[in-house]
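Only one structure is covered here, and it is reproduced in the block below.
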Amino acid sequence: MEYEKIDIGLDMLGCPNRCRHCFVGWRPNPSLCGDDLRFAAEAFRPYAKKLTVYDWNREPDFGEDYREKWALCQELSTVPLEHFELASVWRLARDKNYAPWLKSLGLRYVQLTLFGGEELTDWFTGRKGAYQDILKAISTLLENGVAPRLQVFVNKKTVDELPQVLELAESLELERRCKEIGIPFVMFAHQGSCTGEAANLYPIWPTPEELLKIPPVLAEHTLRYFGESSMAAVFGREERQLYQELLQDDRTERLGQVESPVLYIDSDFNVSPNFGIPAKQWQLGNLKKDGPEKILENLARDRSPAQHVRASVPVGELARAWGNPESRRLFGKGDYTEYLLNHYCKKLEQEGSR
C-alpha cells in the first residue's frame, strides 16, 4: 500500500481558545515533544511517495519554539511545506518577532475571525481578551506587510452585531491600509459547518431572515470572496428542502478511496481523516497500538464508524433518522449530509452503550 502523498498533523500543544464554532472540538492542551513528531512521521513515511508533516491541527505556532518546530517539520517532510493563511492570534498579540517571520515565509494574508463586538467575540472564542488580541494582530500584521482577512460568522446570536464588524474595519481604515501594502482587503461572512463544537449552535443556526440582516457592504465582500451571485448561494438551502430531497436519495458513498489522505493525530495518537472530524466516530485507530498499516487499511476499507455508516446506509435513512422536516436553517448539501451522518453515528453509539 503506497499513497501518492500523505499529510499528517499532530496536535502537539493544543490551542489557547475554546471556540464555540470549532470543528476539531475541545481537548486538554497536551505537551508533546519533537520525538513524538518524529515517531508519527516515520510511521507513515514508508506508505507515501511524498510526506508532509505539521506539528498542529488546532492553533498553529502556539508554542514559544515555533521556529524550531517549523524547521523540524520541514526536515521530516519530503516536499516544501505551505504555512497556509492561518496563524496564532495569541502569538501575534504577544510576540513582536512572529509577524516578520510569517512575512518571511511568503504569507500575504492571515485569517482572523470575528463574531460581532468585543463581548460576543470573546464569548464565541472562549476566552476573555480574544477581541483585543485580534486588534493587536491586525496592527502588527499591517506593520509587517501582511493583510488581515476577516472571517465573520453569521447566526441568530451574531447577526445584529455584524454592523460592528464593518465599523471596526472602517475605523481601522483597512481598505486603505491594505491597499498601501499592495494587497486587497478581504472579508467574508458565512455560517460555517455544523460539526464538532459548532453542532451545539444548531438552535441559533441562520435562517433566510438572517440573510436579510447582513449589511450590504459585508454581503458585497462575501459574494466577491466566494465568487457567487447571491447570498443564498453562499449559505445554501433550508433544511426542510434538503430533507425532502435527501429522503429520496438511496445512494451510499465510500469515503476512504483517496490518493492523498490528510490525517489528524491527537495527543493520544488517535488518527482521524480530515474529511471527517477528530471524534470517536471517525477514528481509524491508534498509531501506537495499531500501527500505520492497520490505520491506512481501515481508511481504505471505510472501517471508521462514520465511514462504515456512509458506505452502507443510504442518505435517505440518515435524513429520516435525524433530519428536521420543519426547519428553515440554511445548509450547503454536503455540510448537511455530514451533519446528519455525525448525529446518526452518535445515536448508534448511544444505543450501543445501553
Name the orientation class of the two ring planes belonging to [X] and [Y] (parallel below 30°, tilted from 30 to 60°, perpendicular beyond 60°).
X	Y	answer
His21	Phe153	tilted
Phe269	Phe39	perpendicular
Phe188	Phe226	perpendicular

So, [X] versus [Y], ring centres under 6.0 angstrom or not?
X	Y	value
Tyr264	Trp282	no
Tyr339	His343	yes
Phe331	Tyr243	no

Side chain to side chain, [X] and [Y], heavy atoms closer than 4.5 Å:
X	Y	value
Leu299	Val258	yes
Arg320	Pro314	no
Leu141	Leu92	yes

Counting N and O atoms only, with roles assigned by atom type, does the side chain of Glu175 sit under 3.5 Å from a partner on the main chain of Glu170, one being a donor and the other an acceptor?
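Side chain of Glu175 to backbone of Glu170, a donor-acceptor pair under 3.5 Å: no, none is there.
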> Between Arg20 and Phe124, is NZ or CZ placed under 6.0 angstrom from the six-membered ring centre and within 45° of the ring axis?
Replying inline: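 The answer is no, since Arg20 fails at least one limit relative to Phe124.
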Indicate yes or no: does Asp302 engage Arg310 in a salt bridge with an N to O separation below 4.0 Å.
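No, no charged N to carboxylate O under 4.0 Å.
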Reference residue Thr207; test side chain to side chain donor-acceptor pair (under 3.5 Å); the match among Glu238, Lys156, Glu239, Arg328: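 Of all the options given, the one that passes is Lys156.
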**Thr113-Gln151 side chain donor-acceptor pair, cut-off 3.5 Å** =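 Present: a donor and an acceptor within the cut-off.
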